[in-house]
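This report concerns only the one structure given below.
Only heavy atoms go into these numbers, but all of them, side chains included; no hydrogens, no water, no symmetry mates. Quick note on labels: first sequence line is chain A, next is B, and so on, each numbered from 1.
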Amino acid sequence: MAGENIVSIRNLSKIYLQGEINVTALHNISLDIQSGEFLTLMGPSGSGKSTLLHIIAGIDRPTGGECRVQSVDVTRLNESELADWRNQNVGFVFQTFNLIPVLTAYENVELPLLLTRLGRNQRRHQVNTALELVGLSERAHHLPRQLSGGQEQRVAIARALVTFPSLLVADEPTGNLDSQSAHDVLGLLQTLSRSGKTVIMVTHDPKAAAFGSRTIHLEKGELSN
Amino acid sequence: MTIGTFILKNALRNKRRATLSILSVAVSLFLLTTLLVALRELTVPPEGEGAALRVIVRSKVSIANSLPARQRPIIERIPGVEAVSPFSWFGGQFKDEEATTFGQFAVDPRTFKKIFVEGKISPEAYQLFETDRQACIVGRITADKYKFKPGDRISLASTIYPVTLEFKIAGIYSGSVDDRNLFFNDKYLNESIGDPGEVGTWWIKVRSADDMPHVISAINHAFENTADEVRAESERAFQLSFISMMGNIKLFIGSICTVVVFTLILVAASTMSMAIRERFRELAVLKALGFRRRELFTFILAESFGLAMFGALLGVGGAYCLYTFGNIAHMTNGIFITSEVTPKILGAGFLVASSLGIISAIAPAIAVARMSVVNGLKTLD
């Protein structure tokens, strides 16, 4: 798969209605992302980088244009198809981790697998593999509040990986972490990318962007380079 | 982890709120069940085994009007009539009680035992009741309450007749649906008030259920166009008409029930809305992970339904245990006798709980369904 386009965006635009004013978040974006790439999206606040990430990940819809991920035009899927598609193809890593506080690390990672038809043993195997990959096997039965920020984010990465998605999207994953934890998390994302996973990350931080294989800048909803 | 475990963990994430929600549902449903039991007790009077064969005859004008004693042989001659007894309300006050909690009725002991078949009493005690004019028999509830025993003497000052009568307790009866009353010899009453030749009502036993309609019709017909027209009816019809004199109690209790249910729905809906609103961000994450609207709705509904049903188990179940195994007649000084939580009442309690679970899940479920993942993720914790 390496080298093939996993994401193909053509003439993508997004206009928000804020009160009575139209605000253009994305304007005529065209972009290809290759399989196994670690793409970082940079730009000032309001430049549209998160909006672009959300559309690629299928949690937001564009006003116009086309967004194909693995040849599927996600803009044409209905709500239910999109939910299934996200479960099977996209792993999410958020800035604020967004773990469910009443579930242990193991249960948080297992959550996306509840939507699959996997048996308990298969689920256990996949969860343990994902937790091992992020180096948190020994913390499997800890609640989020018993983990450090860096550990929480690694659990979130394990949750994103557990369904073996082809695409990993991360929205400022190091925004709430200290420098050491941020370094660990970015290193982990880089390793995943090198092992063939496509990673798209939004960041403000040039140091974080340096971990990526390619950086794209957005400004006022348009690609600036 | 299973979906069930996930729902349970979510429902119990704020244990204090979950406990308070369950308790509010439980207390409200206990109250609702109690009101329904009270309503049933008041509007569906308990029936003894002999009630199906009893006819009550009262003045057509008003139950407060007395009937002439000379009607008795006319009634006794009607085919199908097995026994006739006067049944006159004495309205006695016991000691200095303002409201005496047991009824006292003057009856004919010779025929009374054929009519009041469900009352169980020793033959010796009943024989004494028949032979001793001052004797009376007392129901078990009243005897227990006042610690009466055979041989005791009690005085009752009538609020209807200008007499105070002293009675000798011949025995204690039990087994009827209302073991509270005191029965004494009507001849004793007549002698004391100068034999006016009047009775309050007639209590009649008919031979079979088939005889009921024609006996009732014949009695009514026998005194038509006389100075003392009567109204004969089955015991059940008599009790229901007696209850109707209390006013529209059904509407009154029904209104309270409606208010209880409405308040309960508001409280439960508000609690569920709060519980879901503070989890919008998590629900948005679940959506992002691939959970669909219907799955999120199932989570919310299961949580809401579970809390409501657990409350119902405590509230309705608690009421069932209390009214089934508790001595309610004793606790209420004999005001409520049967206090039965019927399957219909149980069903109503659980139906309200189910509706509560569903209705309180609707608003949060709609809000979650409308929420976009992006907006949900922006929600502050």
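The residue among A/Phe94, A/Tyr106, A/Trp85 with the most heavy atom pairs within less than 4.5 Å of chain B is A/Phe94. Between chain B and the residues A/Arg123, A/Glu110, A/Arg120, the most heavy-atom pairs under 4.5 angstrom are made by A/Glu110. Heavy-atom pairs under 4.5 Å with chain B peak, among A/Ser50, A/Pro112, A/Pro101, at A/Pro101. Ranking A/Asp171, A/Leu114, A/Thr163, A/Leu99 against chain B, the residue ahead of the rest is A/Leu114, based on heavy-atom pairs under 4.5 Å.
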- Message: Please evaluate residues A/Asp84 and B/Arg292 with respect to the criterion side chain to side chain contact (heavy atoms under 4.5 Å, CB included), reporting the C-alpha separation (whole Å), side-chain torsions for both, the decisive distance (0.1 Å), and the verdict.
- Response: CA-CA 8 Å; A/Asp84 284 341; B/Arg292 282 165 291 192; 3.4 Å; yes

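With values rounded to the nearest 0.5 angstrom, B/Lys287 atom NZ is found 15.0 Å from A/Asn87 atom CG. Taking CD1 of A/Ile59 as the reference point, atom CG of B/Leu377 lies at 5.5 Å (rounded to 0.5 Å). For the atom pair B/Glu282 CD and A/Leu111 CG, the distance stands at 10.0 Å (nearest 0.5 Å).
Using a 4.5 Å cut-off between heavy atoms, B/Arg279 makes no contact with chain A at all. Proximity to chain B is absent for every atom of A/Arg124, based on heavy atoms less than 4.5 angstrom apart. Residue contact with chain B, scored on non-hydrogen atoms closer than 4.5 Å, involves the side chain of A/Glu79 exclusively. Using a 4.5 Å cut-off between heavy atoms, B/Leu12 makes no contact with chain A at all.
Looking at B/Ser372 and A/Arg61, their side chains never bring a donor and an acceptor atom within 3.5 Å of each other.
In the displayed structure, A/His204 atom NE2 is contacted under 6.0 Å by more than 12 heavy atoms of other residues, nucleotides or ligands. In this structure, A/Gln18 places its CD atom where only 12 or fewer heavy-atom neighbours from other residues, nucleotides or ligands lie under 6.0 Å away.
Between B/Ala288 and A/Phe92 the shortest heavy-atom distance is O-CE1, 3.1 Å.
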